[in-house]
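Here's the structure, in structure tokens; my notes come after.
As a basis for the values below, the full set of heavy atoms in this structure was taken, side chains included, without hydrogen atoms, waters or symmetry mates. Letters A, B, ... are given to chains in the order of the sequence lines, protein chains preceding strands, and every chain is numbered from 1.
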Amino acid sequence: MSYWTAFILTLFSPVIGGFIYGLERIVRARMQGRVGPPLLQPFYDFFKLMDKRSIIIHSFHAFMGIMYLIGTWFALFVLLSGGDLLIAIFFHVLSLAFLVVGGFSVRSPYSVIGAMRELLHMVAYEPLYVLSAAALYLVTGTFQVSGILHSKHVPLIYLPLFFTAVLFSLPAILKKSPFDTAEAHQEIIGGPEIEYSGKFYEAVYTAKWIEYVYAFFFIFLFAGGNHILGALLIIFAFFFFNLLDNVTARVNFRQMVAFHWYILIPLAVINLMLIALWRS
Amino acid sequence: MVVDEIKVPLREVRRTIKEFYDPKEWHFITVNGVDLGGKVELKWFFTKYGEREYFKVVTSEASYDDEIPTITYLIPSAWISEWELADLFGLNVEGAKRGLFLDPESPQAPLRRG
Amino acid sequence: MDFKKFRKRSPWILHYNTGSCNGCDIEILACLAPKYDVERFGILNRGNPKQSDILLVTGPVTKRAKERLLRLYFEMPEPKVVVAVGACACSGGVFRHMYNVENGVDKVIPVDVYVPGCAARPEAIIDGIVRALEILKEKGKEVELPHWCSAQVKPPVNRVKLLDRCLEELHGRR
Amino acid sequence: MGKRITVPFGSQHVALPEPVRFVFQTENEKIVDVEVDVGYVHRGIEKACATKFKYMQVGYVVARVCGLCAISHTLGYVTALERLMGVEVPKRALYLRLLVSELDRIHSHLLAMGHTAEVAGYENLFMQTFRHRELVMEMLELLTGNRVQFDFACPGGVNRDLTPEVEKVLREKLKVLEEKALWLRDVYENDFSLALRWKGTGVVTEEMAKEMNVVGPPARAAGLKTDVRAEFDYLPFKEVGYRMVVLKGGSIYERNLVRALEVLNSIEMCWNILDGLPEGDIKVPVKGLPEGEMFVRIEAPRGELFYYIRGSKKLILDRVRIRVPTFANIPVMKELFVGMDYADVPATVISFDPCLSCTAR
């Protein structure tokens with residue numbers, strides 16, 4: 001992928017993410033036996049928020065909201081432009097750190113609790129992503145996304161357990177049930193994003209769409225050079241995580257971290273060891 | 001309906017209840033006040049688990065200034081009824097806080113007559 | 001670009017019960033459920049005043065809920081509309097002139113749409129929200145004050161101070 | 001972490017349809033202290049019943065104490081009044097009251113169950129439960145003319161008769177409802193994530209239930225055999241196949257299961273009522289003025305409802321006292337929260353099915 005295509009793709013990634021989000025809302029509504037909003041609903045929300053008056057708690061808090069958007073955007077750009085996988089993960093962590101710092105900087109207890117839980121989210125799923133970067137390196141021999149995308153191997157064949165683990169942690173990165181403790185609409189009403197309003201909430205809202213693209217691109221990498229398989233994997237992952245979202249209750253943060261550390265990460269490590277054994 | 005009513009003076013109330021009350025058998029319903037003009041008639045309602053239409057009522061009368069004995073030592077869940085009594089009748093119940101329902105700007109002791 | 005027309009497309013609601021009998025509240029809940037499914041119109045129950053456009057108020061406004069209602073109203077960014085749901089939110093209903101109520105939401109905050117009924121039916125609530133959207137579309141972004149409040153609004157608005165001023169007046173009004 | 005955070009829960013909160021305010025002191029999301037404020041919706045109905053409204057009107061006023069168990073409040077009041085004045089209510093009216101009260105219980109229980117699912121983040125189950133709840137709402141609307149505030153019972157009988165056409169539709173809908181209720185029971189009993197989340201959370205033990213005088217489904221889920229339907233003869237429950245549902249355990253999971261089982265029992269009762277509905281009048285005139293005092297207990301969907309009325313040969317009663325189930329359950333809720341995770345709080349609160357407009361009146 002050339003540098004400019006990547007740039008344009010990144011620029012339009014909110015649009016793609018918005019469509020994914022709109023589609024998700026429809027799919028979710030249909031799974032619940034409702035009609036659901038129109039496909040363009042996220043964009044209606046987006047334009048409405050443009051016009052809302054923004055109430056700023058203090059400028060640092062608002063700035064952190066914007067930085068969250070920029071950080072996620074940059075992480076995605078690193079991925080799309082074929083950069084280093086580890087750097088993309090690093091930027092993603094950094095962008096979440098902005099959100100966490102913003103959440104801690106206000107007095108609202110929901111925001112503080114949400115920020116703490118956001119940290120626990122990172123503790124839970126980020127090791128899995130770092131490990132999968134390592135696993136992709138073992139299979140394809142490169143950390144470069146462009147290298148992985150042109151690799152002859154299909155990592156999915158070597159990393160089935162890894163793929164399963166990443167699939168199950170998708171709800172954690174996208175904050176969907178069962179791992180939506182950081183957002184937990186019914187407990188802490190959105191967590192770190194509670195105090196944002198107007199244009200600043202819009203930034204946080206859009207950053208979440210970009211995270212959709214980021215997460216699904218990660219899934220795409222598991223198909224390596226086989227792009228059709230990648231597209232199929234994305235569609236499968238999309239429906240799978242919607243189904244998971246719809247048939248589970250929210251677990252608490254202890255169960256979430258325990259699930260990631262006692263089940264998913266060991267799964268991934270077993271896969272990693274098998275590969276290492278097989279290679280040697 | 002069987003009603004077993006015990007009329008006692010106010011200071012005897014706690015002892016009377018203590019004599020028969022056993023949390024395994026008795027269910028405390030509520031304490032109720034009725035304004036009789038100048039004084040309040042208080043009734044503690046109890047019922048027995050598993051019996052049909054059986055009530056035990058401890059009745060007593062108190063003037064507006066009397067200190068009403070609390071029964072939260074015996075029945076921990078009674079505090080909410082007692083606080084309500086203190087709030088709505090403006091009575092002086094032992095250990096009760098004001099302001100369960102009423103705000104400073106609401107009329108005080110609304111259930112008193114007159 | 002004219003963003004005003006998108007206001008109608010994505011109203012996010014905030015619901016507050018100021019002393020109603022729960023009848024209207026469960027009907028609002030029923031609106032979100034599959035049979036009425038207001039998410040068709042993009043309506044979401046946000047539960048967060050900072051991100052909401054429509055404030056649905058039920059109940060005749062008790063003395064204790066009054067201050068909370070005013071705070072919620074001030075926390076909502078403009079443009080916003082207030083919908084009074086149910087007979088008691090409109091006028092006090094059966095609770096009118098009871099000792100602890102204020103006889104309707106419009107005694108405390110400005111109301112744009114009144115939805116009658118005891119309890120208001122889901123169809124009526126949806127209709128009320130649709131009416132509210134018509135009003136929302138035309139609304140400006142100026143800060144609105146309750147009719148009893150004599151504070152002057154001069155930009156830039158300090159919302160915290162304005163709220164304090166209003167609360168002082170609310171309690172002084174007794 | 002480790003520093004104390006004060007978390008206010010309510011009075012405006014998305015998980016709560018009504019204003020109650022809990023202020024939690026949390027450490028690492030564990031609650032160490034709790035304060036509760038239930039007075040947000042105090043309107044002064046008891047006072048108004050004893051000053052503004054005539055005794056024939058009070059039934060409609062107390063219905064507005066709570067929209068969820070409206071029929072229970074009216075029933076409580078009219079039963080007390082009828083017993084006080086010695087009115088013999090026709091059998092058909094009793095059966096119709098029973099029918100509406102059981103349908104009301106079904107809708108209230110389904111609401112509570114769905115709502116608990118919603119606050120546990122299980123949005124789909126909430127939607128499904130509410131979808132089936134609409135069936136009951138339609139039945140109630142057919143039967144009484146309104147969805148929520150029915151004003152069905154009145155002193156001396158009921159206000160509206162059941163016509164054969166309505167009965168036919170009711171039977172059809174009841175059949176669908178029974179299927180759905182069985183399915184719901186199955187989901188609430190066997191769903192993995194619900195059990196994982198709720199089993200052993202917010203446990204009220206039997207001793208605790210007895211000591212704190214817990215009422216209603218929370219008490220029965222804890223193994224305490226108390227149900228006013230079995231202890232007080234205000235309606236002919238025995239004749240229509242009432243069974244008491246008692247479970248052991250006392251956590252959120254059991255409370256919801258008790259509700260699910262009671263819904264099934266209520267549906268069974270509704271079948272029996274429709275099959276054995278006696279013919280006759282639906283209303284007898286009530287004459288005279290109330291004198292003396294009377295108290296009754298009623299099983300509202302949330303538990304024991306207590307009415308005390310007192311009259312002195314006047315059109316306006318001297319005292320109407322309402323002790324509602326949530327009022328009795330607030331103390332145990334307060335005890336329960338200490339030591340609990342904040343994440344479990346919304347589900348625990350909702351699993352008691354609190355009705356604050358009842359509590360504060």
Smallest separation among heavy atoms of Arg321(D) and Val31(B), with atom names: NH2-O, 3.3 Å

Ionic contact status for Arg83(D) with Glu53(B), cut-off 4.0 Å: yes

Max heavy-atom pair count under 4.5 Å with chain B, selected residue of Lys334(D), Glu335(D), Glu211(D): Glu211(D)

Heavy-atom donor-acceptor pair, Arg52(B) side chain to Asp233(D) backbone, under 3.5 Å: no

Intermediate values then yes/no, side-chain contact (heavy atoms from CB on, under 4.5 Å), His27(B) and Glu304(D): CA-CA 11 Å; His27(B) 172 68; Glu304(D) 173 203 46; 3.0 Å; yes

Tyr308(D) versus chain B, the contacting section by heavy-atom distance below 4.5 Å: side chain

Pairwise side-chain contact, Glu84(B) with Phe327(D), heavy-atom cut-off 4.5 Å (strictly under): yes

side-chain contact (heavy atoms from CB on, under 4.5 Å) between Lys43(B) and Glu293(D), intermediate numbers included: CA-CA 12 Å; Lys43(B) 286 188 177 198; Glu293(D) 61 170 23; 2.4 Å; yes

Toward chain B, the part of Val215(D) with a non-hydrogen atom under 4.5 Å: side chain

Arg297(D) side chain vs Ile29(B) backbone, donor-acceptor pair below 3.5 Å: no

Among Ala209(D), Ala230(D), Gly44(D), residue most engaged with chain B (heavy-atom pairs, under 4.5 Å): Ala230(D)

Chi angles and distances behind the side-chain contact (heavy atoms from CB on, under 4.5 Å) call for His42(D), Asp87(B): CA-CA 12 Å; His42(D) 180 67; Asp87(B) 218 16; over 6 Å; no

From Tyr49(B) atom OH to Asn213(D) atom CG, the distance as rounded to the nearest 0.5 Å: 5.0 Å

Spatial distance of atom CZ (Phe306(D)) from atom CZ (Phe45(B)) [nearest 0.5 Å]: 4.0 Å

Rounded distance (nearest 0.5 Å) linking atom CZ of Phe295(D) with atom CE of Met1(B): 5.0 Å

Tyr54(B) versus chain D, the contacting section by heavy-atom distance below 4.5 Å: neither

Beyond-backbone contact of Glu207(D) with Lys24(B), side-chain heavy atoms, under 4.5 angstrom: no

Under 4.5 Å from a heavy atom of chain B, the part of Glu206(D) involved: neither

Atom CD of Glu88(D): over 12 foreign heavy atoms under 6.0 Å: no

Those residues of residues 70-82 of chain B, ordered by number, that approach chain D below 4.5 Å (heavy atom to heavy atom): Ile75(B), Pro76(B), Ser77(B), Trp79(B), Ile80(B), Ser81(B)

Interface moiety of Tyr21(B) toward chain D, non-hydrogen atoms closer than 4.5 Å: side chain

From Asn32(B) atom CG to Arg310(D) atom CZ, the distance as rounded to the nearest 0.5 Å: 9.0 Å

Region of Met244(D) that comes under 4.5 Å of a non-hydrogen atom in chain B: neither

Heavy-atom pairs under 4.5 Å with chain B, option from Val332(D), Leu224(D), Val228(D), Asp318(D) with the top count: Leu224(D)

